[in-house]
Amino acid sequence: MLKGLQSTTTLHNGVKMPLVGLGVFKVQDGEEVVNSVKSALETGYRSIDTAAVYGNEEGVGKAIAESNVAREELFITTKVWNADHGYEETLAAFDVSLRKLGLDYLDLYLIHWPLPSQGKYIETWKALEELYKNGRVRAIGVSNFKIHHLEDIIANCEIKPMVNQVEYHPRFNQRELHAFCQKHAIQLEAWSPLMQGGLFEEPVIVEIAQKYNKSAAQVIIRWDIQTGVVTIPKSAKPHRIAENADVFDFELSQEDMDKINSLNTDQRMFADPDDFNRV
Ligand code: NAD
């Protein structure tokens with residue numbers, strides 16, 4: 001197992017979550033996702049991030065079943081899709097995801113988007129609370145929630161989200177949201193941490209990568225960890241899956257962290273959650 005890959009953060013309910021996981025967005029169900037997840041598990045990854053809408057939960061489940069990693073070592077995340085917002089709908093969607101994954105409990109279940117057009121994320125959250133109280137999932141959280149959505153949940157629900165998974169990379173470092181989450185002990189998790197490859201030629205990143213004899217991807221993933229954010233870079237290539245996790249043998253200096261922080265432009269690559277209503 002790669003050094004450091006077992007490093008975790010402790011969520012506000014005491015559950016430990018790996019700092020680095022594998023994202024499988026746009027990894028095809030069947031052979032591609034099975035091989036990616038197997039390769040990650042062999043490298044020492046224990047955290048896999050999928051979603052109902054990715055259409056590859058069955059392949060993720062197959063890879064888990066065929067691996068010899070003990071279930072209690074794994075940290076499996078999936079997400080309730082926008083079409084399933086609502087209390088009963090979410091409970092039913094959870095059962096479908098769990099069956100596809102071939103698991104009898106989940107580690108983290110997230111509301112994928114707040115979906116303002118439907119106004120049902122509070123109801124949806126209450127279903128997640130129910131699943132948590134019944135021991136069917138070890139932690140519950142949200143994705144793409146802005147401060148006002150989180151405030152709404154905190155004011156109207158019993159359990160505070162343990163995780164908020166959002167777009168996060170050096171061009172969009174979510175300073176205010178990050179500070180809010182830290183204040184409320186909500187763990188921030190980065191999606192598209194590598195900006196889907198868009199930062200590999202960035203001169204500041206390239207220069208820092210050369211200095212540490214690391215790749216641009218490794219510098220960005222290391223920056224995530226040092227900013228206190230859980231990260232789930234995606235790759236379907238075994239050598240890149242291994243490369244992305246080989247980030248525990250160096251530390252970026254404060255000066256280099258500051259240089260990377262200065263790349264922030266507050267610009268999203270993807271939709272603003274207040275405007276995203278696709279079902
Ligand atoms: P990413 O930023 O992780 O970039 C992935 C791409 O970067 C790969 O397709 C590959 O082309 C390239 N890459 C990866 N490692 C590399 C390396 N070492 N060297 C060179 N190129 C490399 O993009 P992503 O897949 O959008 O995000 C990661 C994960 O976040 C997803 O797989 C998914 O699990 C999650 N996600 C969640 C949401 C959400 O709404 N919650 C949205 C998008 C992504």
Side-chain angles (χ1 to χ4, degrees), residues 2 17-29 32-33 36-37 39-40 43 45 47-57 59-60 75-83 97 101 107-115 121 140-146 149 161 163-174 177 187-202 205-206 209 214-225 229-247 268-279:
L2 261 176
M17 176 175 192
L19 292 177
V20 176
L22 178 76
V24 296
F25 179 41
K26 291 189 182 156
V27 183
Q28 281 213 329
D29 200 22
E32 191 180 40
V33 81
S36 305
V37 173
S39 158
T43 305
Y45 283 71
S47 169
I48 309 292
D49 181 84
T50 184
V53 75
Y54 301 170
N56 57 17
E57 291 171 312
V60 170
F75 191 96
I76 309 300
T77 302
T78 193
K79 315 181 188 88
V80 55
W81 180 238
N82 297 349
S97 284
L101 286 161
D107 297 282
L108 179 63
Y109 200 39
L110 304 176
I111 302 181
H112 208 143
W113 289 89
L115 207 66
Y121 64 77
I140 51 176
V142 292
S143 178
N144 299 303
F145 273 45
K146 295 169 80 169
H149 304 119
V163 172
N164 186 16
Q165 183 187 110
V166 295
E167 180 176 343
Y168 181 90
H169 43 70
R171 291 268 186 244
F172 191 64
N173 70 14
Q174 301 259 26
L177 178 66
Q187 176 63 51
L188 204 67
E189 180 178 17
W191 65 249
S192 295
L194 302 174
M195 224 180 109
Q196 297 185 340
L199 283 169
F200 295 155
E201 311 283 310
E202 211 304 314
I205 304 277
V206 170
K214 285 285 178 180
S215 69
Q218 288 170 323
V219 165
I220 297 167
I221 295 164
R222 182 71 209 178
W223 171 81
D224 289 338
I225 295 170
V229 172
V230 166
T231 185
I232 45 168
K234 173 239 158 175
S235 178
K237 297 192 170 63
H239 71 282
R240 285 183 173 165
I241 290 174
E243 177 187 324
N244 293 345
D246 190 9
V247 293
R268 293 176 190 277
M269 193 178 55
F270 198 64
D272 185 315
D274 279 327
D275 304 324
F276 186 73
N277 289 302
R278 203 176 87 210
V279 287

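In listed order, ligands and their atoms are each counted from 1.
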With heavy atoms under 4.0 Å as the rule, classify the contact between [X] and ligand 1 as side chain, backbone, both or neither.
X      : answer
Phe270 : neither
Pro193 : both
Asn244 : side chain
Asn144 : side chain
Ser192 : both
His169 : neither
Gln196 : both

Protein contact of [atom] - nearest heavy atom, named by residue and atom, plus distance:
atom                    : answer
atom 25 (O) of ligand 1 : Lys234 CB, 3.2 Å
atom 17 (C) of ligand 1 : Arg240 CD, 3.6 Å
atom 21 (N) of ligand 1 : Phe200 CE1, 3.1 Å
atom 2 (O) of ligand 1  : Leu194 N, 2.8 Å
atom 28 (C) of ligand 1 : Ile232 O, 3.2 Å
atom 31 (C) of ligand 1 : Phe25 CB, 3.3 Å
atom 42 (C) of ligand 1 : Trp191 CD2, 3.1 Å

Element-labelled atoms of ligand 1 that are located less than 4.0 Å from some non-hydrogen atom of [X]:
X      : result
Asp49  : 33 (C), 34 (O), 35 (C)
His112 : 39 (C), 40 (O), 41 (N)
Pro233 : 3 (O)

Short N/O distance, under 3.5 Å, between [X] and ligand 1?
X      : answer
Ser235 : no
Ala217 : no
Ala190 : no

Next on the checklist: If the test is side chain to side chain donor-acceptor pair (under 3.5 Å), which one of Thr77, Thr78, Asn56 qualifies with Thr50?
Outcome noted: Asn56

Polar side-chain atom of [X] near backbone of [Y] as donor-acceptor pair, under 3.5 Å:
X      : Y      : result
Ser143 : Gln165 : yes
Lys214 : Asp246 : yes
Asn82  : Arg278 : yes
Ser235 : Lys237 : yes
Gln174 : Glu167 : yes
Tyr168 : Leu188 : no

Item to check | Spatial distance of atom CG (Asn164) from atom CD1 (Ile111) [nearest 0.5 Å] | outcome: 10.5 Å

Item to check | Value rounded to 0.5 Å, distance of CD1 in Ile76 from CD in Glu57 | outcome: 11.0 Å

Checklist outcome for this item: Shortest non-hydrogen pair, Lys146 vs Arg268, comes out as CE-NH2, 4.0 Å

Checklist entry - Between Lys79 and Asp49, is there a side-chain N and carboxylate O pair less than 4.0 Å apart? => result yes

Next on the checklist: Consider side-chain contact (heavy atoms from CB on, under 4.5 Å). Of Val206, Leu194, Val219, Ile205, which one does Phe200 pass it with?
Outcome noted: Leu194

Next on the checklist: Please check if the number of heavy atoms outside Glu32 that lie under 6.0 Å from its CD is greater than 12.
Outcome noted: yes

Next on the checklist: Below 4.0 Å from ligand 1: does a non-hydrogen atom of Ser215 turn up there or not?
Outcome noted: no

